[in-house]
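Read through the structure below, which is laid out as structure tokens, and then see the notes.
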Amino acid sequence: MKILVGYKRVVDYNVRIQVKPDGSGVVTDGVKLSANPFDDIALEEALRLREKGVASEVIVVGIGPADLTAHLRNGLAMGANRAIHVVTGDAVQPLTAARVFLKLIEKEQPGLVLMGKQAIDDDANQTGQMLAALWDRPQATFAGKVAISDGKATVTREVDAGLEVIETELPAVITVDLRLNEPRFIKLPDIMKAKSKPIDTIEFGSLGIEAHEQLKTTYYAAPPKRSKGVMVKDAAELVAALKQKGLL
Amino acid sequence: MSKILVIAEHLGGRLNTSTARAVSAALAVKPDAIDVLVLSDAPDTVAAEAAKIDGVSRVLTVAKAENAHPLAAVLAPQIARAAAGYSHVFAPSTTFGKDLAPRVAALLGVAQVSDVMSVEASHTFKRPIYAGNAIVTVEADAAHTVVATIRTASWPAAASGAGSAPVEALGIDAALPTHTRFVELKQGGSERPDLQSASKVVSGGRGVGSKENFDIVYKFADKIGAAVGASRAAVDAGYCPNEMQVGQTGKIIAPELYMAIGISGAIQHLTGIKDAGTIVAINKDGEAPIFEVADFGLVGDLFKIIPELEAALG
């Protein structure tokens, strides 16, 4: 079984995001870029399934400009067998990303698609579900535990009410949550090995996808700031202050 | 002319308050009609609750055995059918709505606006990106149905009680997949107020130190009638279950009073509490970032301070 893994590059989670003064975007020049943390977890899960003998091949997929290659090499260094780079200089919205994955699925015929539940840049949380709909296959979002056996996936989902367990036939799309696993660190010899692993390059335009992005972002603003409050000296003063505000 | 379909979230025969919050956002569009869609195996009690929400025009029910559990793959084709004639389809931005709405959007071939914080015009919305560190204004194409999830912390629940919308059964003939099956839902079974709708929340973080120590947080929360939350660090460390996590990837909440106990205040946690009325921080590290956003800060040992708070409350 092949596993396709969505592997997006985003602004590193430690970077303090600054909005440009003219509202045209956020500052990304010279800012550290990294793999979307949820996608690292998705890749780790795929690698573990391969190590267990459940999967035979793990393919990382990235959509983005020419320099995305270095990012995909990280995925290969982590352990993916090969990478697919769909090349486009344009920002891609979730529905378009899902259509790209569908095209790759038609070619690769994976038994499972793993991706992060959301990317920490646009925080959309859509691509996996959209892909599952277009593919007409099961979805299991917010995965905190995944077990694959007998052509089925049993997934424990971290939902608002607690932990929901569902069972799906394969192929399926699983989007992963934080506590599924802890991604491995990349070791130096693996970086060397990754250099000889294949990256297929596909021009976005050659896929025949209508990239009609329906959402226009017209303005970026910094969030309203909470003003810094006061420090109280002890418990009694705190209780008095909260009582005065009618909160206790 | 706007006409909005709001997808009801419910569990165990009770309507979730997230639905009334989504209705609030729908009202902000100033539509001609707001219909609430209840998909269930037995929708009657949930539909009756939804019918009381102010501003709801009609409640539509789809009763099917397959709808006993909220499986997105099963519900989405029915919603896509029901969406015909509506300009907008809204769902709450809870794990229920986040799972379901994109599947509906893709079936309709439209984009989705996630986490709507405010409605600027019928097709213009504000939403957070980068964990709330930037707020974008997005315009959806007016030629298509708008599918959106509503950031519940940004919207009060629409008032309930005065409404008496008619309830109508909807016959939907959609082929439903059998490839996805519900197995079980493991719930904490807490008697405490619901974290997402409580007016007071007390949260504990890594500073609490252990699962056993978390009792001090529960006890204090019970004393003031608060729901209990936790930071990601506390959940990851196994001090408390996942459904208590507050933050970017957990629950986004807006209580009147939020008390952060032993929480340092990572950006991802602050994202979840920015809309709280009053934030109180108790932490032994006076330099902790939580104090940057706290209305009231108290530096010290939580194991000493909490008993003192209880004593001061009498």
Side-chain angles (χ1 to χ4, degrees), chain A residues 11 16-17 19 26 93-95 98 120-126 129-130 132-134 137-139 141-142 144 154 158-169 177-179 213-223 226 228-232 234-236 238-239 241-242 245 247-248, chain B residues 11 71-73 76 94-95 98-99 102-103 105-107 110-115 128-141 144 179-188 196 224 236 241-243 249 251 256-257 274 278 280 292-298 305 308-309 312-313:
Chain A
V11 172
R16 257 212 137 89
I17 294 295
V19 175
V26 300
Q93 290 180 9
L95 185 57
I120 59 162
D121 50 3
D122 62 12
D123 282 333
N125 194 333
Q126 298 174 11
Q129 298 90 310
M130 287 180 159
L134 299 176
R137 293 305 307 167
Q139 71 185 49
T141 53
F142 308 108
T154 304
E158 296 200 0
V159 297
D160 291 339
L163 295 171
E164 184 193 66
V165 182
I166 63 170
E167 191 182 86
T168 81
E169 292 166 12
D177 217 319
L178 282 173
R179 277 174 284 274
E213 305 295 14
Q214 294 170 6
L215 293 185
K216 265 195 231 116
T217 299
T218 56
Y219 194 74
Y220 292 74
R226 285 189 79 96
K228 199 177 167 172
V230 295
M231 300 302 283
V232 293
D234 58 22
L238 180 57
V239 168
L242 294 177
K245 291 192 89 174
L247 291 165
L248 286 179
Chain B
L11 182 66
L71 296 171
T94 54
T95 54
K98 287 174 178 174
D99 184 43
R103 191 151 185 139
L107 292 178
V110 302
Q112 175 183 301
V113 183
S114 294
D115 303 318
I129 58 171
Y130 290 104
N133 288 297
I135 310 295
V136 288
T137 305
V138 293
E139 273 178 33
D141 187 342
H144 298 281
H179 53 47
T180 307
R181 288 172 290 278
F182 172 87
V183 179
E184 62 174 325
L185 176 64
K186 298 174 199 163
Q187 282 179 282
Q196 268 166 317
I224 64 167
D236 281 356
N242 67 287
E243 64 265 28
T249 63
K251 287 177 174 142
E256 286 165 34
L257 174 63
K274 271 182 188 162
T278 298
V280 174
E292 295 297 315
V293 300
D295 299 280
F296 298 105
L298 179 49
I305 290 170
E308 286 171 3
L309 286 173
L313 282 165

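Lettering follows sequence order; numbering is per chain, from 1.
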In Å and rounded to the nearest 0.5 Å, what is the [atom1] to [atom2] distance from [X] to [Y]?
{"X": "B/Ser114", "Y": "A/Asp123", "atom1": "OG", "atom2": "CG", "result": "9.0 Å"}
{"X": "A/Leu178", "Y": "B/Asp236", "atom1": "CG", "atom2": "CG", "result": "7.0 Å"}
{"X": "A/Leu163", "Y": "B/Glu243", "atom1": "CG", "atom2": "CD", "result": "6.5 Å"}
{"X": "B/Tyr130", "Y": "A/Ile120", "atom1": "OH", "atom2": "CD1", "result": "9.0 Å"}

- Could you walk me through whether B/Glu256 and A/Leu247 pass side chain to side chain contact (heavy atoms under 4.5 Å, CB included), step by step? CA-CA 8 Å; B/Glu256 286 165 34; A/Leu247 291 165; 4.1 Å; yes
Which one, [options], leads in non-hydrogen pairs under 4.5 Å with chain B?
{"options": "A/Lys228, A/Glu158, A/Arg179", "value": "A/Arg179"}
{"options": "A/Leu134, A/Asp177, A/Ile166", "value": "A/Ile166"}
{"options": "A/Leu248, A/Thr168, A/Val232", "value": "A/Val232"}
{"options": "A/Val19, A/Val230, A/Thr141", "value": "A/Val230"}
{"options": "A/Ala241, A/Gly144, A/Ala124", "value": "A/Ala124"}
{"options": "A/Ile17, A/Val26, A/Thr154, A/Val239", "value": "A/Ile17"}

- Task: Kindly write out the residues that satisfy side-chain contact (heavy atoms from CB on, under 4.5 Å) with B/Asp295, not counting sequence neighbours, or none if the list is empty.
- Result: A/Arg226, B/Thr278, B/Ile279
- Message: Suppose we screen for side-chain contact (heavy atoms from CB on, under 4.5 Å). Which residues come up paired with A/Ala132, at least two apart in sequence or across chains?
- Response: A/Gln139, A/Val173, B/Arg103
Structural part of [X] lying under 4.5 Å from a heavy atom of chain B:
{"X": "A/Leu95", "answer": "side chain"}
{"X": "A/Leu238", "answer": "side chain"}
{"X": "A/Pro94", "answer": "neither"}
{"X": "A/Tyr220", "answer": "both"}

Would you mind telling me which of [options] has the largest number of heavy-atom pairs within less than 4.5 Å of chain A?
{"options": "B/Val183, B/Ile305, B/Leu107", "answer": "B/Val183"}
{"options": "B/Ala106, B/Ala73, B/Pro102", "answer": "B/Pro102"}
{"options": "B/Thr137, B/Val136, B/Asp141, B/Ile129", "answer": "B/Thr137"}
{"options": "B/Asn242, B/Thr249, B/Val138", "answer": "B/Asn242"}

For [X], is it the side chain, the backbone, both or neither that has a heavy atom under 4.5 Å from a heavy atom of chain A?
{"X": "B/Leu11", "answer": "side chain"}
{"X": "B/Leu298", "answer": "both"}
{"X": "B/Val280", "answer": "side chain"}
{"X": "B/His179", "answer": "both"}
{"X": "B/Ala134", "answer": "both"}
{"X": "B/Lys251", "answer": "side chain"}

- Message: Has B/Glu308 got a side-chain atom pairing as donor or acceptor with A/Ala236's backbone, closer than 3.5 angstrom?
- Response: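 No, because the side chain of B/Glu308 does not come within donor-acceptor range (under 3.5 Å) of the backbone of A/Ala236.
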- Message: Donor-acceptor pair, distance only, cut-off 3.5 Å: does the side chain of A/Gln126 make one with the backbone of B/Gln112?
- Response: yes
- Task: Check A/Ala161 against B/Gln187 and note the closest heavy-atom contact, atom names and distance.
- Result: O-CG, 3.3 Å
- Measure across B/Val110 and A/Met130 and return the closest heavy-atom pair with its distance rounded to 0.1 Å. O-CE, 3.9 Å
